[in-house]
Amino acid sequence: MIASKTPLSILKQLIAIPSQNPMGHEPVGDGWYEAGVSRWLCEFFKEHSLPYEYHEIESQRGNVVARIDGDPNRPTVLLDAHQDTVPVAGMIVDPYDAIEKEGRLYGRGTCDVKGSMAAMLATALRLIPLNGDHAPVILSFTCDEERTQIGAAELARRLALPAGQRSALLPENPQFAIVCEPTDLNVVVAHKGTVRWKIRTSGAAAHSSNPALGVNAIYKMAKIVSCLETYAVELQSGGIVHPLCGGRTLSVGTIHGGASVNIVPEVCTIEIDRRLVPGEVAEEAIADVDQYLRKNCDADFEFLPTDTISNPLLDRDNATLCQRLIEAAEPTRPNRQAIGVPFGTHAPRVAALEIPTVVFGPGSIAQAHTKDEWIEIQQLDEAVEIFVRLLTAT
Ligand SMILES: [Zn+2]
């Protein structure tokens with residue numbers, strides 16, 4: 001029975017269970033949140049007699065954690081995959097009835113990141129018959145990666161608890177962590193982070209027939225936007241470049257101002273997206289923009305509270321893990337590389353606990369979040385071989 005559970009058959013089952021992340025919007029209709037996938041995972045572990053826990057965070061959202069005990073002389077490895085997918089709206093393939101075609105499997109989450117989840121579960125089934133002759137493994141399935149990362153935050157909180165308060169399946173921290181995302185089976189040792197916030201200018205409303213009676217918030221913002229355009233250029237040419245991830249960027253993404261064409265606008269707001277290179281700290285990046293505007297722009301403004309902080313992943317202590325993964329991949333998919341990527345993940349939350357962490361998984365980020373999302377089936381099988389080789393290496 002176990003033998004019939006290929007990563008492909010597991011993935012098809014996972015794709016059939018919607019777990020859309022509403023991305024901060026009010027969900028309309030069915031198929032939202034991770035509860036269905038969580039229930040399926042708990043059933044899977046029950047069926048295969050592996051100890052598991054469900055850590056509820058809020059209604060319909062929580063993490064599933066399972067454990068496969070192994071040889072205590074080998075390093076414990078945490079494998080993580082997120083349960084949520086981005087919404088299915090606009091897809092041109094059936095999001096839930098996964099179709100196989102020309103070596104690919106199509107459907108929402110095939111690539112990001114239920115493919116990796118299926119590979120993790122197929123790996124677990126390969127380890128069970130080895131009766132502990134492998135590294136101890138913690139499997140974590142976190143919620144809400146695509147939006148606010150409450151799942152990874154909860155996992156990190158539990159991993160930071162002192163002995164005595166920890167859950168039975170997390171008695172001590174893993175020595176290594178692999179956060180699964182589509183990397184084409186390369187090993188991501190560093191990635192950029194993101195910080196987003198709003199800047200607001202305020203004026204005074206007046207009838208547009210006599211604008212001198214008001215103060216135009218859009219005119220103030222125009223000065224700020226112009227100043228930020230210059231800042232963004234200076235930032236990129238400013239010399240701080242990570243060898244794997246590239247340079248720092250800043251982009252003004254939205255602007256909203258004014259209530260009506262016949263009123264002098266009272267308020268104008270812009271949203272800033274600043275990409276952090278490994279080693280940068282979000283608060284310092286925000287403070288630098290503040291300082292620059294105060295020095296170079298004569299308009300008054302205010303910074304609103306930060307909307308998003310997603311930290312960069314640092315290639316500081318993960319070289320050994322990276323090397324082991326590359327070696328494990330060599331017989332199956334040779335010439336894997338240590339790479340840096342511009343997209344963020346929730347891996348830094350685990351890495352912050354001084355657990356060497358990399359990002360790795362089957363599939364390409366080019367197919368994540370797309371209207372015809374797919375994964376190369378061969379990569380699924382290869383991911384299992386790589387995980388098994390890594391975890392059984394002595
Ligand atoms: Zn993902």
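As the structure lists them, so they are numbered: ligands from 1, and atoms in each ligand from 1. In what follows, residues are counted from 1 in the order of the sequence shown.
E181 lies close to the Zn ion (ligand 1), since one of its N, O or S atoms is found at a distance under 2.8 Å. For residue D112, an N/O/S atom approaches the Zn ion (ligand 1) to within less than 2.8 Å. At a cut-off of 2.8 Å, H82 coordinates the Zn ion (ligand 1) through an N, O or S atom.
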Report task. Give the C-alpha distance, both sets of side-chain angles, the deciding distance and a yes or no for salt bridge (charged side-chain N to carboxylate O under 4.0 Å, His left out) between R333 and E376. Result -> CA-CA 13 Å; R333 188 164 277 236; E376 189 191 329; 3.5 Å; yes

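Around the CZ atom of R157, the shell of radius 6.0 Å holds more than 12 heavy atoms that belong to other residues, nucleotides or ligands.
Distance check: D290 CG to F303 CZ gives 4.5 Å after rounding to the nearest 0.5 Å.
A salt bridge is defined here as a Lys NZ or Arg NE, NH1 or NH2 lying under 4.0 Å from an Asp or Glu carboxylate O, and E154 with R349 fails to meet this definition.
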